[in-house]
There are 2 protein chains.
Amino acid sequence: MQLNKAELEALERKYRLNLINSISGVKPANLIGTKSAAGQENLAIFSSVVHLGSNPAELGFVLRPQSEPPRDTYANILSSGYYTINHISASFIQKAHYTSAKLERGESEFERMKLESEYLSDFFAPFVKASAVKLGMKHQESILLPNGCTFVMGSVELLHAAEASINDLGQLDLADYQGVGIGGLNTYYGLQKLDSFPYVREDEIPDFQA
Amino acid sequence: MQLNKAELEALERKYRLNLINSISGVKPANLIGTKSAAGQENLAIFSSVVHLGSNPAELGFVLRPQSEPPRDTYANILSSGYYTINHISASFIQKAHYTSAKLERGESEFERMKLESEYLSDFFAPFVKASAVKLGMKHQESILLPNGCTFVMGSVELLHAAEASINDLGQLDLADYQGVGIGGLNTYYGLQKLDSFPYVREDEIPDFQA
């Protein structure tokens with residue numbers, strides 16, 4: 001299948017939505033936890049978390065164009081300055097997926113989806129107890145993108161991870177805790193380690209065959 | 001393991017680099033192809049491609065802080081306005097990984113890594129022939145982030161994908177062409193489809209158990 005820009009625009013809306021959402025490849029599966037000033041917890045699935053830097057440790061994520069007022073996750077990030085990023089494992093992909101539901105005002109996804117919240121140290125925002133990797137994030141800056149999306153940047157203030165999943169080099173084994181990836185809007189993939197290669201030096205490139 | 005910000009900063013440099021590069025979860029594995037005004041082809045692996053919108057179809061990616069002059073990929077994007085994004089399959093993860101090598105001036109990663117280039121329609125930038133999904137991208141805008149990284153945004157001008165990997169709903173099966181994900185700096189994961197869930201409506205949420 002080969003489509004140019006005009007042909008992409010002419011596709012049926014849902015078909016295009018599914019197709020274009022899957023063409024960036026596999027996406028990380030994370031739950032973002034927040035809390036309002038009034039103490040209301042919120043949890044939402046995001047597949048757009050991206051690495052920005054390791055010293056200091058910084059991550060970004062993309063928010064779809066926000067309504068006015070913004071939806072709970074972003075409203076809570078703006079009011080409190082804090083949020084959590086929690087990895088999704090295969091055992092709770094369905095619960096995680098359904099956090100995208102629009103609930104009644106005042107209802108928490110933690111409760112409705114039976115995903116227990118947890119507080120670590122004195123961090124303001126709630127973590128997902130079942131997650132093997134939990135990050136306490138401080139909001140740094142938001143950039144409004146030309147298409148109306150918002151790129152939200154934050155620094156890692158707290159890192160909690162299962163010791164057994166990290167090797168002596170600091171490498172996290174995503175398969176060890178049944179970490180998952182997302183394809184498109186609603187397909188979940190398990191991960192199976194294939195191989196690991198060294199940091200590349202010019203004089204150590206193998207002789208490749210066509 | 002639980003670390004606060006000061007403890008993260010005190011980690012040994014390589015350990016922190018490995019750890020923090022892996023805490024965003026699984027990352028998409030893509031090769032970005034470009035060509036200079038003089039006709040020199042370039043190919044580089046990126047794990048930071050992110051979905052921005054489906055109508056029009058737009059993707060972003062994060063570039064590490066650039067030297068002056070910028071490295072080949074970004075220099076070519078700036079001079080030509082075009083680039084390609086090509087999915088990596090399990091059969092060529094090693095070749096793809098080694099595109100991160102710093103080669104002699106004038107040497108192409110397509111040739112050195114024996115990854116054949118391909119031109120589709122009259123698109124300026126080269127595609128990776130072996131990739132099951134190939135995207136012709138037009139540079140739209142770059143945003144310099146506070147930490148020195150650059151967020152590069154582009155629109156999808158051409159989409160080429162294996163027909164057999166796309167179902168009637170427009171969903172791309174990432175496992176069908178042995179698509180892969182990246183963990184940290186150098187670990188590659190195969191994908192295995194676990195499940196797919198419908199678009200969420202409030203009145204269709206299952207009764208979850210704790």
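Naming convention: chains lettered A, B, ... in sequence-line order (proteins, then strands); numbering from 1 in each chain. Worth knowing before you read on, the calculation uses all heavy atoms, side chains too, and leaves out hydrogens, waters and symmetry mates.
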In terms of heavy-atom pairs under 4.5 Å, which option from [options] contacts chain B the most?
options                          : answer
P146(A), P65(A), G181(A)         : P146(A)
V62(A), D195(A), V49(A), V133(A) : D195(A)
L19(A), I93(A), V50(A), L174(A)  : L174(A)
A90(A), S24(A), A101(A)          : S24(A)
L8(A), V156(A), N21(A)           : N21(A)
E9(A), E58(A), K14(A), R13(A)    : E58(A)

Region of [X] that comes under 4.5 Å of a non-hydrogen atom in chain B:
X       : result
R64(A)  : neither
I143(A) : side chain
N30(A)  : side chain
P198(A) : both
I23(A)  : both
E116(A) : neither
S155(A) : side chain
K95(A)  : both
D207(A) : neither
L59(A)  : side chain
Q94(A)  : both
F151(A) : side chain
H87(A)  : side chain

Practice task
Could you walk me through whether H160(B) and M1(A) pass the side-chain contact (heavy atoms from CB on, under 4.5 Å) test, one step at a time?
Solution key: CA-CA 6 Å; H160(B) 185 101; M1(A) 170 196 289; over 6 Å; no
Is [X] in contact with chain A via its backbone, its side chain, both, or neither, using a 4.5 Å heavy-atom distance?
X       : result
I85(B)  : neither
E141(B) : side chain
L185(B) : neither

With a 4.0 Å cut-off on N to O distance, would you call [X] and [Y] a salt bridge?
X       : Y       : result
E118(B) : K134(B) : yes
R112(A) : E107(A) : yes
R105(B) : D72(B)  : yes

Strictly under 6.0 Å, is that where the ring centroids of [X] and [Y] end up?
X       : Y       : answer
F197(B) : Y188(A) : yes
Y83(A)  : F61(A)  : yes
Y82(B)  : H139(B) : no

Could you check which of [options] has the highest count of heavy-atom pairs closer than 4.5 Å to chain A?
options                          : value
I205(B), N167(B), L120(B)        : I205(B)
I88(B), I182(B), D173(B)         : D173(B)
L145(B), L11(B), L103(B)         : L145(B)
T99(B), N4(B), D168(B), L158(B)  : L158(B)
G184(B), A210(B), A6(B), G170(B) : G170(B)
R16(B), K138(B), M153(B), K27(B) : R16(B)

How long is the gap from [atom1] on [X] to [atom2] on [Y], to the nearest 0.5 Å?
X       : Y       : atom1 : atom2 : answer
L63(B)  : S48(B)  : CG    : OG    : 7.0 Å
E109(A) : K102(A) : CD    : NZ    : 10.5 Å
Q2(B)   : S121(A) : CD    : OG    : 4.5 Å

Handout entry: K5(B) and E157(A): CA distance, side-chain angles, deciding distance, salt bridge (charged side-chain N to carboxylate O under 4.0 Å, His left out) verdict
Key = CA-CA 5 Å; K5(B) 192 170 175 146; E157(A) 306 288 314; 3.4 Å; yes
Practice task
Determine the minimum heavy-atom distance between L159(B) and A161(B), stating which atoms define it.
Solution key: CD2-CB, 3.9 Å
Exercise for the section: Determine, step by step, whether V180(A) and Y189(A) satisfy the side-chain contact (heavy atoms from CB on, under 4.5 Å) criterion, reporting the C-alpha distance in whole Å, the side-chain angles of both residues, the deciding distance to 0.1 Å, and the verdict. Expected result: CA-CA 5 Å; V180(A) 300; Y189(A) 293 90; over 6 Å; no
Problem - Over 12 foreign heavy atoms within 6.0 Å of NZ, K114(A) - result: yes
Handout entry: CD (Q140(A)) with more than 12 external heavy atoms under 6.0 Å
Key = yes
Handout entry: Main-chain N/O of Y177(A) paired with S89(A) side-chain donor or acceptor, under 3.5 Å
Key = yes
